[in-house]
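Below is one structure, written out as structure tokens; the observations come after it.
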Amino acid sequence: MANEASAVPLAELATPSVKPQEISFTLPKAFHTTAHVHLNFLGHCAMVFLATSSPADSGGSIKPMGSFVYAMPDRTSPKSTISTTLYTSPPSIEYTTRIAKILARRFSMPVYVGCSIDPHGMGLEVAEEMEGLTKIVNVIMEKWEEHKQEKAGNAQ
């Protein structure tokens, strides 16, 4: 019996790739608004932080942190995701959850998303909001593909 207990495998040590990437670009249909993306691809998950800025923002103003959501792919259904809110900020929770679920499904791994973007506060209509969301997701997916290719190149 004691022999079986000692057969428990040890945890495998993995060195995460801690190379945060910071990207900024203008949101479509919100020409004076810049989206800021902070990406960190770790060995077992991804961390994404999203924010916006505009020329109207004063240097001394403090912006809220926004919402923080954890999402992961559903093992039983590849087209769905599971998410949980870790911190809620009412203006940004819906947008944060939507992005977290999209990224978890596309990455096929867990993702943490922090987001202070409030599309309603920017005065965007639904179509404009969707264009901005699509742009953000596409930029992140480009970086994800680059990361995968770099990782595959290092493995060879």
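Fair warning: this is a prediction, and the values are worked out from it, not measured in the lab. Start at 1 with the first residue, then count along the sequence.
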Please step through side-chain contact (heavy atoms from CB on, under 4.5 Å) for the pair R106 and V137, ending with a clear verdict.
CA-CA 10 Å; R106 292 205 185 166; V137 169; 3.3 Å; yes
For residues R105 and K79, report the shortest heavy-atom separation together with the two atoms involved.
CD-O, 3.4 Å
Could you go through the side-chain contact (heavy atoms from CB on, under 4.5 Å) check for V48 and I99 one step at a time?
CA-CA 10 Å; V48 180; I99 289 178; 5.6 Å; no
Closest heavy-atom contact between A104 and P73?
O-CG, 3.6 Å
With a 4.5 Å limit on heavy-atom distance, are the side chains of H38 and M47 in contact?
no
Determine, step by step, whether Y112 and F49 satisfy the side-chain contact (heavy atoms from CB on, under 4.5 Å) criterion, reporting the C-alpha distance in whole Å, the side-chain angles of both residues, the deciding distance to 0.1 Å, and the verdict.
CA-CA 8 Å; Y112 292 89; F49 297 95; over 6 Å; no
Search all heavy atoms of S83 against all heavy atoms of K101 and return the closest pair with its distance.
OG-CE, 3.2 Å
Taking every heavy atom of A71 against every heavy atom of A100, the minimum-distance pair comes out as CB-O, 3.5 Å
Give a yes or no on whether L42 and Y70 share a hydrophobic cluster (residues Ile, Leu, Val, Met, Phe, Trp, Tyr; joining criterion: side-chain heavy atoms under 4.5 Å apart).
yes
Can L103 be reached from I93 by stepping across I, L, V, M, F, W or Y side chains whose heavy atoms are under 4.5 Å apart?
no
Heavy-atom side-chain proximity of V37 to F25 below 4.5 angstrom:
yes
When you compare the side chain of L27 with that of I117, does any pair of heavy atoms fall below 4.5 Å?
no
Shortest non-hydrogen pair, K135 vs T26, comes out as CE-O, 4.4 Å
Would you call T81 and I102 a side-chain contact if the rule is heavy atoms closer than 4.5 Å?
no
Are V111 and V139 connected into the same hydrophobic cluster when the rule is that any two of I, L, V, M, F, W, Y join if their side-chain heavy atoms are below 4.5 Å apart?
yes
Spacing of CD belonging to E128 relative to CD belonging to E131, to within rounding of 0.5 Å
7.5 Å
Angle class for the F107/F41 ring planes (parallel below 30°, perpendicular above 60°, tilted otherwise)?
perpendicular
Is the shortest heavy-atom distance from the side chain of L50 to the side chain of I140 under 4.5 Å?
yes
In short, side-chain hydrogen bond (donor to acceptor under 3.5 Å, both in side chains) pairs touching residues 85-96 with sequence neighbours left out are S67-S92, E94-R98
Mark yes or no for whether S77, through its side chain, and D74, through its backbone, hold a donor-acceptor pair below 3.5 Å.
no
How many angstroms lie between atom OG of S24 and atom NE2 of H36, to the nearest 0.5 angstrom?
4.5 Å
May I ask you to check whether over 12 heavy atoms, not counting those of M141, lie within 6.0 Å of atom CE?
yes
Could you see if M130 belongs to whatever hydrophobic cluster contains V113? Use Ile, Leu, Val, Met, Phe, Trp, Tyr and a side-chain cutoff under 4.5 Å.
yes
